[in-house]
Amino acid sequence: MKINGKTKVMGLIGHPVEHTLSPVIHNTIAECMGENMVYTAFPATEDTQAVLKGAFALGIQGMNVTVPYKSAVIPYLADIDNEAKIIGAVNTLVRTEDGFKGYNTDLKGLYRAITSEGIRLEKSRVIVIGAGGAARAAAFMCAFHGAESIVICNRTVEKAENIAREIQEKTQFGNIRAISIADWMSIKGEGYLVLQATKVGLYPDTEASPIEDEAFFEKAAVVYELIYTPQETKFMRLAKGKQIPAYNGLKMLLYQGVAAYEMWNRVQVPEEIVQKAYRALQEEL
Ligand code: ATR
């Protein structure tokens, strides 16, 4: 890649950011598309307003935003996409005349990752495990895309209840309830799409699973795990042991990046280039 006076600089604002895989996605795509752009990481200070003002003043066209700025940036945006506004979290900034507009491509990325595996979200019954930021985004995504019902299971049941209430209030999606993860046996029937959105099983704690009992997987039709390190979690192994297909979260990461890239550069990334970025991600892990 040749860097010159016309090179566009994009990047990720967050703290910490040094382990991010986003540069792999964006720089691979930019190189394949012949776009004169580099993507890097900006370990930002806590003054969110100054960070956004500075990025705008420097002519930066697009940024990603991660922890701890996903909600903190909202008051300083010129505009915000409706979905990002409803869920109150932004991960992508696109430059406009007056400032940055905020989007949430984590949701779009998860939807595209799931559908790319041939999983249908519309009319599906969903179990979301977890009630942190990732689980919240996953549950909203299901409500936005016509799931039939959602059960949120979490160790701390109050947090699951808060998300369920928030979704009911903000989206009018009614068929949602919260339970303690220990009560998973109270979930009736089978054929569920299971979204694993806790941190349990994440490297280096790879021998942990949020649910250890194999009987749980009799309720599942398919498992989507949001973790991608390791590429196969214990939760996925337990699912596969019951002949349930299980996918990791690497494609969610990939597609949230693709969606951001497409907005920044006003292009559509062809599937073969998306696959190249996916292979680059796998090699990096
Ligand atoms: P993220 O932003 O990645 O979602 P988070 O907001 O810290 O991270 O949420 C972490 C999730 O993992 C929560 O659902 C948390 O459960 P609690 O709400 O009960 O804390 C879940 N989690 C973390 N460690 C866990 C453990 N050992 N057993 C069960 N759930 C766990």
Side-chain angles (χ1 to χ4, degrees), residues 1-70 72-73 76-79 81 84 89-109 112-113 228-229 249-285:
M1 193 185 303
K2 214 170 168 190
I3 293 176
N4 57 27
K6 291 183 186 149
T7 305
K8 288 186 278 184
V9 178
M10 313 284 193
L12 171 68
I13 316 169
H15 191 85
V17 285
E18 56 269 26
H19 298 297
T20 176
L21 290 169
S22 289
V24 176
I25 302 172
H26 292 288
N27 293 322
T28 302
I29 297 175
E31 203 168 330
C32 293
M33 303 278 292
E35 190 75 44
N36 190 354
M37 153 190 158
V38 287
Y39 183 104
T40 185
F42 296 97
T45 68
E46 274 171 32
D47 187 344
T48 310
Q49 184 173 20
V51 169
L52 288 205
K53 257 186 130 170
F56 191 76
L58 286 172
I60 290 182
Q61 297 293 316
M63 305 286 278
N64 281 133
V65 180
T66 188
V67 179
Y69 302 103
K70 284 190 171 183
V73 293
Y76 309 112
L77 298 173
D79 195 5
D81 170 69
V90 157
N91 82 321
T92 300
L93 307 179
V94 179
R95 189 185 183 88
T96 70
E97 249 174 49
D98 315 314
F100 289 109
K101 178 169 179 180
Y103 293 84
N104 192 312
T105 69
D106 288 332
L107 263 74
K108 298 182 211 319
R112 200 160 154 188
Y228 51 82
T229 49
L250 198 59
K251 283 200 178 155
M252 175 184 176
L253 176 75
L254 171 74
Y255 284 120
Q256 64 72 33
V258 171
Y261 184 100
E262 291 183 334
M263 285 195 283
W264 294 332
N265 296 297
R266 296 193 183 86
V267 291
Q268 203 162 358
V269 181
E271 194 52 34
E272 66 266 23
I273 294 180
V274 173
Q275 291 311 319
K276 270 194 185 163
Y278 185 61
R279 285 194 294 276
L281 274 178
Q282 284 179 311
E283 278 165 23
E284 195 70 19
L285 283 180

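Proximity of Leu285 to Leu21: side-chain heavy atoms (C-beta onward) are separated by under 4.5 Å at one or more points. Counting heavy atoms from C-beta outward, Val94 and Tyr103 have side chains that approach closer than 4.5 Å. In this structure, the side chains of Asn265 and Met33 stay at 4.5 Å or more apart for every pair of heavy atoms. Considering only heavy atoms from C-beta on, Gln275 comes within 4.5 Å of Arg279 through its side chain. Counting only heavy atoms from C-beta outward, the side chains of Glu35 and Lys8 approach each other to under 4.5 Å. In this structure the side chain of Leu52 reaches within 4.5 angstrom of the side chain of Leu77, judged on heavy atoms.
When all heavy atoms are compared, the tightest approach of Met252 to Ala113 is N-CB, 3.5 Å. Between Ile13 and Ala44, the closest heavy-atom pair is CG2-CB, 3.3 Å. Nearest heavy-atom pair, Gln256 versus Leu253, reported as atom, atom and distance to 0.1 Å: NE2-O, 2.9 Å. When every heavy atom of Phe56 is checked against every heavy atom of Thr96, the shortest pair comes out as CE1-O, 3.4 Å. Closest approach of Pro43 and Ala41 over heavy atoms only: CD-O, 3.5 Å. A pairwise comparison of heavy atoms in Thr66 and Leu12 identifies CG2-CD1, 3.7 Å as the closest pair.
Here the side chain of Gln61 pairs no donor or acceptor atom with the backbone of Met10 at under 3.5 angstrom.
If you run side-chain hydrogen bond (donor to acceptor under 3.5 Å, both in side chains) between Tyr39 and each of Thr28, Asn64, Asn27, only Asn64 comes through. The side-chain contact (heavy atoms from CB on, under 4.5 Å) test with Asn91 is passed by exactly one of Val67, Leu107, Val73, Asn104: Asn104.
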Could you check Phe42 against Val51 for side chain to side chain contact (heavy atoms under 4.5 Å, CB included), going step by step and ending with a plain yes or no? CA-CA 10 Å; Phe42 296 97; Val51 169; over 6 Å; no

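Lys108 forms no cation-pi arrangement with Tyr255, by the criterion of a distance under 6.0 Å to the ring centre and an angle within 45° of the ring axis.
Within 6.0 Å of CD on Glu271 lie more than 12 heavy atoms contributed by other residues, nucleotides or ligands. Shown here is Glu46, whose CD atom has no more than 12 heavy atoms of other residues, nucleotides or ligands within 6.0 Å.
Using cut-offs of 30° and 60° on the angle between ring planes, the pair His26 and Trp264 is tilted.
For the atom pair CG of Asp81 and NZ of Lys101, the computed distance is 5.5 Å after rounding to the nearest 0.5 Å.
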